[in-house]
Amino acid sequence: MLAGVVVALSTALAAAAPPPRSAVTGSSAVLVRITIPGESTISLGELAWPGNTTSDVQSFQYPDDGSIVSVGRSRATVSAQPGEAAAAQAFAEVIVLSLFDGEVDAGRVTASTTAGASARSAGGSAAGSAVEGLRALGQSVSSTPGTSVSLGGWGSLTVLADTSGQRAAPAAAQGAIVALRIRLSADHGGLPAGSEIVVSGAQATAVALRPAPPAAPGTPPRPRPRPAPVQPSVPSAPEASDAGDTVPGGPVLVPPEVSARLSAGGYVFPIYGTVSFGDSFGGPRPTVRGGWHHGEDIFAPLGAPVLAVADGTLHTIGFNRLGGYRLWLRDDAGNEFYYAHLSAYSPLAVEGKRVEAGDVIGFVGDTGDADGGSPHLHFEIHPAGMLGLGYDGVVAPYPILLAWRRADDISFAAARVYVPTGGATSLPPPGAVLLQADDIASTSGLVPGALEAALRD
């Protein structure tokens, strides 16, 4: 091995660490932090929900000549949703990194964490984190989580130190990771021994709130509070099943950047990427009220981005027995769109949140009664003019989805509605029988005798 390059290598993973008992739902991130003994900490992109939630920096250098840290671009975001079903996420990414005038460099350093907790389960993950193109003292360094290398005689480098963990009671979880950490054991590059450089750190913590205690025997049950509708004058399509088993919220993931084709009318296909779907509207579904399929199943890879089909407002976000993680979107015309079986939500999936067509609002999954099957999105269209029919006020999505795939517009009236068959729904016998009819639409009553002649014929 050449003198001065990496002289030791180990891959000891950091121990999992459940959140402390005092933890609350929240998230934080940092792009670059330089800690110098006896001096103020120098940091870039230090975020903590809910105070500051995003950071996007084109370049950063410290000191001015970039001899210690130089960054080409960086971005970070954090979000959280407290409640009985709590969720949080944090993301930090640095692109084109150079430390100590190129002694350590990397193409991309990403920390991505999520956490979720409810009465049913709790879990935290940093699986989306990665370090790409890492080199130290002229040699490539493995990006395996927990890798640690010695930097000559002046310091050490640790890659993807993951300390995510969870606990059962009370349910809580955290996703926590530092993508890159350098500790100095000797003076080097203008920093004294004991200094530390952190690049891309993220932590997300979810703590499930305890449900309200049950009422005392003999006390009438208190109704479950429901969010106030965003547009009270517009009726909402009801759920496919009773909402008594509904839990608000759910897991949250960082959305990718996507670019979707919008129709001239401002609509977009609900999934980004490769999909397949047929025309199963109206097919038998014994577990659904009415016994028939009210939408279309659009099959796609697990985790494929799910998009808002129009500008509008999100509502009724959370888990229920049939739909799994689901949500509704109400567009500006009052039409309602139902998305079900999601694997997770994006940070935009917040009750009453305003979104634009093409925004990522969730991810394809197999939750609810789709558990164990092929990942897909169950998608329904409830036109505003049919909301008075309740959950059955729905049209077949198939021709509309075909048009949106081509970025074309199509009237919701062009799609068929479900008409049940069978003796119970047959029409009553007519009260009169029409024996003959003539079309008088072309006959003008302004011509003397024309109308009388038509009536005599």
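The existence of a salt bridge linking E380 and R326 is excluded, since no basic side-chain nitrogen approaches an acidic carboxylate oxygen closer than 4.0 Å. Ion pairing of R354 with D332 is present here, as a side-chain N (NZ or NE/NH1/NH2) and a carboxylate O approach within less than 4.0 Å.
The closest side-chain heavy-atom distance from L44 to S74 is below 4.5 Å. The shortest distance between side-chain heavy atoms of T316 and Y338 does not fall below 4.5 Å.
The CD atom of E132 sits 5.5 Å away from atom CZ of R108, with the distance rounded to the nearest 0.5 Å. The distance from atom OG of S55 to atom CD of E93, rounded to the nearest 0.5 Å, is 12.5 Å.
With hydrogens and angles ignored, the 3.5 Å screen pairs a side-chain donor or acceptor of R167 with a backbone N or O of P20. The main-chain N or O of A88 is never found under 3.5 Å from a side-chain atom of S27 such that the two would form a donor-acceptor pair. Judged by distance alone, the side chain of T25 and the main-chain N or O of V207 form a donor-acceptor pair under 3.5 Å. Between the N335 side chain and the A384 main chain, a donor and an acceptor come within less than 3.5 Å of each other. D359 places no side-chain N or O within donor-acceptor distance of the main-chain N or O of I361, the cut-off being under 3.5 Å. Side chain of H382 to backbone of G393: a donor-acceptor contact under 3.5 angstrom is found. For the pair S129 (side chain) and S112 (backbone), a donor-acceptor distance under 3.5 Å is present. S346 contributes a side-chain N or O that, together with a main-chain N or O of V360, makes up a donor-acceptor pair within less than 3.5 Å.
Contacts of D409 classified as salt bridge (Lys or Arg N to Asp or Glu O under 4.0 Å), with partners at least two apart in sequence or in another chain: none. With sequence neighbours excluded, the residues that form a side-chain contact (heavy atoms from CB on, under 4.5 Å) with P375 are L302, V364. Partners of R261 under the salt bridge (Lys or Arg N to Asp or Glu O under 4.0 Å) rule, at least two apart in sequence or in another chain, do not exist in this structure. Annotation: salt bridge (Lys or Arg N to Asp or Glu O under 4.0 Å) contacts of E356 (sequence neighbours excluded): none. Residues meeting the side-chain contact (heavy atoms from CB on, under 4.5 Å) test with P301, sequence neighbours left out: A304. For E46, the salt bridge (Lys or Arg N to Asp or Glu O under 4.0 Å) partners are R33, not counting sequence neighbours.
No option in V198, V94, L97 other than L97 meets the side chain to side chain contact (heavy atoms under 4.5 Å, CB included) test with L180.
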Before you tell me yes or no, could you show the steps for Y339 and W328 under ring-ring contact (aromatic ring centres under 6.0 Å, His included), namely the whole-Å CA-CA distance, both residues' side-chain angles and the distance that decides it to 0.1 Å? CA-CA 6 Å; Y339 300 73; W328 287 82; 9.2 Å; no
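Classified by interplanar angle (parallel below 30°, tilted 30° to 60°, perpendicular above 60°), the ring pair Y398/F277 is perpendicular. Using bins of under 30°, 30° to 60° and over 60° for the plane-to-plane angle, the ring pair Y391/H294 lands in the parallel bin. Using cut-offs of 30° and 60° on the angle between ring planes, the pair Y267 and W404 is parallel. Ring-plane geometry between H341 and H376 is classed as perpendicular, the angle between the planes exceeding 60 degrees on a 0 to 90 degree scale with a lower cut at 30.
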